[in-house]
Amino acid sequence: MVTTEHPPSRLRAWMLEGLSDMGKHGGVPGPHAAPEPPHQGERWWRVMCLTGVDYFSTLGYQPGIAALAAGLLSPIATIVLVIVTLAGALPVYRRVAEESPHGEGSIAMLERLLSFWKGKLFVLTLLGFAATDFLITITLSAADASTHLVENPHLTSALHGYQMLITLFLVALLGAVFLKGFLEAIGVAVALVGVYLALNVVVVAVGIWHVVTAEHLVTDWANALTAEHGNVFVMIGVALIVFPKLALGLSGFETGVAVMPHVRGDASDTEDHPRGRIRDAKKLLTTAAVIMSCFLIATSFITTLLIPENEFKPGGQANGRALAYLAHEYLGGAFGTVYDVSTIAILWFAGASAMAGLLNLMPRYLPRYGMAPHWARAVRPMVIVFTLIAFLVTWIFDASVDKQGSAYATGVLVLISSAAIAVTIAARKARQRRWTVLFAIIAVVFLYTTVANVLERPDGVKIGACFIAGIMMVSLLSRLARAFELRVTSVMMDPMAERFVRDMASRKIRFIANEPDQRDLAEYRDKVEQIRADNDMPEHEDFVFAEVTVTDPSEFEASLNVRGEVMHGRYRVLTVESASVPNALAALLLHVRDMTGCIPHIYFEWTEGNPFANFLRFFLFGQGEVAPVTREVLREAEPDRARRPRVHTG
């Protein structure tokens, strides 16, 4: 429908080349999507390593967080975390993988429950928390990686005071990897996860050996625990209270679902029924959860018993690097340095799964809502945008792990809570009573955890609100900027409609834009007489009515189905359903021009009322200043005045 464009520059072509790299299969629907080759994907365990660089890398700081939050109760509180992980988060996200196998996650499940603007605003709010989760993953992990580097005994003197610069460099390096190409990221993730887990097995084994051989450690810990808390029931109660502070240990599930499109599945998989991908994604989630649970329990136990309490506090040698402390203490400087290097590498690359989640999630929603520019569907421009935002977040929080922890936990918990609610509703709709009750209980647990975390650390909600406000503002401005853009992806006409158009093509093609009301004989007769009088048209001129019924005005892009019918035995009418009256009429006119080779004419009456109020009606509800907006949409879509359909207003 649009005239030929100038060939893009080499830089522009390179930037937009990534349109098919990420979010395949449903990720970038619409007229701007590039043709997609068959998606091969990767084996599930390789994709698990991509999400694992986020999930497993929390071992770098989770034992220290648990020790600070729970003290001597750290192992018991961690067991509570593991129970919630395996009995709560894992079943929820296995169901999410089944319900949303293309990586949209629980947000898409909840989007289907709400329509119109309230649905869009709800999704934008959840996207704000998702952006909080994923972006803070990038910045927090990079900050913790720089902490491990600066606190290494061999490098402290040389790198002290340069943590901010090191963190910014690591964020920039991550962005460079994704500018190069996404598939390379999976190969790097496999290597990093393999080495990191192997080194952690060594540290855990040595730690357990020291605990077992020094029997007094367990006895001293048990006695101190009893003296501090009295009995087992009090210990469990306190562990439940402090559990929300350990929520970062749940951080890998949302990214696990977000990277699902890259799971290979079976050769027989189809886009509508990717059974193999769903099965392998469930393997991915289960395997990652079991591995992480084992490490969480073991590391919280050995760090609590082997590291002095003061070392966990800010300024202590184990603050944010408890396992690295043990590696240096019990395995020597050489092994400790190797462990530091591995931890730094995986913490830096933990942002890869978060970046993958952002690139898979944001282009699915914002451009489709008209709330982001066209280039937001492409990978490389979005990588640059997210990298620059990560720079800003790092600078605002002074590259501090502790300052970013509350925002990270809030984002994680809000997304998991929304997922629990989504699968509860899905199970109820499927009439699965047992699953409905189970998921409802899990949802209550996560909602409690979220509320407790917010009350304890309100900074997380404040930071999340900033992301939400930013997304809302950018979305609103983008929607305003694209208000006059032609949004119709395709036009289909039924045989009756085509007959009307081809019949008129032998004469002048003239349409009358009519707002359907009673659709009785008098309505059409009076409309024809008014148009003839307003435009001083002779009586023998032939017209076809064009009527648009607004469906969901919050939608931005859609296809157009045109039906032809004869009303009252004499008036020919083309009926259309669309989110916007002016867009539908402009798309119809351009399609008729291309179909017949003739320039069509359309006749309007002026809309009564304040022009600004009418524009707001158009912006929010798809109807208002129909005549001038239709003309403006046509002007933007067809710069050549000689080929542009004619708009008449009386």
Item to check | Intermediate values then yes/no, side chain to side chain contact (heavy atoms under 4.5 Å, CB included), V573 and V544 | outcome: CA-CA 6 Å; V573 182; V544 170; over 6 Å; no
Item to check | CA sep, side-chain torsions, deciding dist, call: M493, R563, side chain to side chain contact (heavy atoms under 4.5 Å, CB included) | outcome: CA-CA 6 Å; M493 304 185 82; R563 293 181 294 108; over 6 Å; no
Item to check | Verdict with reasoning, I512 to V528, per side chain to side chain contact (heavy atoms under 4.5 Å, CB included) | outcome: CA-CA 8 Å; I512 294 177; V528 170; 4.1 Å; yes
Checklist entry - Where do R570 and Y524 land on the side chain to side chain contact (heavy atoms under 4.5 Å, CB included) test, with the steps shown first? => result CA-CA 10 Å; R570 59 181 298 186; Y524 293 105; over 6 Å; no
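L588 and V562 get closest at one heavy-atom pair: CD1-CG2, 4.1 Å. In plain terms, the two heavy atoms of V423 and V92 that are nearest each other are CG1-O, 3.5 Å. Residues P645 and I599 come closest through the heavy atom pair CA-CG2, 3.8 Å. Residues V548 and S578 approach most closely at CG1-CB, 4.1 Å, considering heavy atoms. Taking each heavy atom of T387 and A172 in turn, the nearest pair found is CG2-CA, 4.4 Å. The two residues L589 and P600 have their closest heavy-atom pair at O-CG, 3.4 Å.
Between the CD1 atom in I389 and the CE atom in M382 there is a gap of 7.5 Å [rounded to 0.5 Å]. Between the CE atom in M260 and the CD1 atom in I278 there is a gap of 6.0 Å [rounded to 0.5 Å]. Interatomic distance, I509 CD1 to T596 OG1, rounded to the nearest 0.5 Å: 3.5 Å. Between the CZ atom of F511 and the NE2 atom of H601 there is a distance of 11.0 Å, given to the nearest 0.5 Å. In this structure, CE in M492 is found 11.0 Å from CG in L560, a value given to the nearest 0.5 Å. Note: I531 CD1 to T649 OG1 = 9.0 Å, rounded to the nearest 0.5 Å.
Under a 4.0 Å N-O distance rule, the pair E632/R635 qualifies as a salt bridge. Between R572 and D503 there is a salt bridge, since at least one side-chain N of the basic residue sits less than 4.0 Å from a carboxylate O of the acidic one. A salt bridge is absent between E523 and K527; no separation between the charged side-chain nitrogens and carboxylate oxygens falls under 4.0 Å. Taking a cutoff of 4.0 Å between a charged side-chain nitrogen and a carboxylate oxygen, E638 and R643 qualify as a salt bridge.
At distances below 3.5 Å, at least one donor-acceptor pair connects side-chain atoms of S418 with backbone N or O atoms of L415. A donor-acceptor pair is defined here as one N or O able to donate and one able to accept, closer than 3.5 Å; no such pair exists between the side chain of D266 and the backbone of S268. Put simply, the side chain of R431 never gets that close to the backbone of K429: no donor and acceptor are under 3.5 Å apart. Between the side chain of R264 and the backbone N or O of R277 there is no donor-acceptor pair closer than 3.5 Å. In this structure, D494 contributes its side chain and G564 its backbone to a donor-acceptor pair below 3.5 Å. The backbone N or O of V96 sits nowhere less than 3.5 Å from a side-chain atom of S100 that would complete a donor-acceptor pair.
A 4.5 Å side-chain heavy-atom check between D594 and H591 finds every atom pair outside the cut-off. Between L585 and I602 there is a side-chain heavy-atom pair separated by less than 4.5 Å. Residues F134 and M355 fail the side-chain proximity criterion, which asks for heavy atoms closer than 4.5 Å. Side-chain contact check for T436 versus T424: some heavy-atom pair is nearer than 4.5 Å. At least one side-chain heavy atom of R95 sits under 4.5 Å from a side-chain heavy atom of E99. The side-chain heavy atoms of L521 and Y571, taken from C-beta on, include a pair separated by under 4.5 Å. By the 4.5 Å heavy-atom criterion applied to side chains, E42 and V263 are not counted as neighbours. The shortest distance between side-chain heavy atoms of F604 and V647 falls below 4.5 Å.
In this structure, a donor-acceptor pair under 3.5 Å is absent between the side chains of S559 and S490.
Residue R644 places its CZ atom among more than 12 non-hydrogen atoms of other residues, nucleotides or ligands, all under 6.0 Å distant. Counted within 6.0 Å of CZ on R646, heavy atoms from surrounding residues, nucleotides or ligands total more than 12; the atom is thus considered enclosed.
Not a single side chain to side chain donor-acceptor pair (under 3.5 Å) links E577 to another residue, sequence neighbours left out.
Taking the six-membered ring where tryptophan is involved, the planes of Y93 and F253 are essentially parallel, since the angle between them stays under 30° and well short of 60°.
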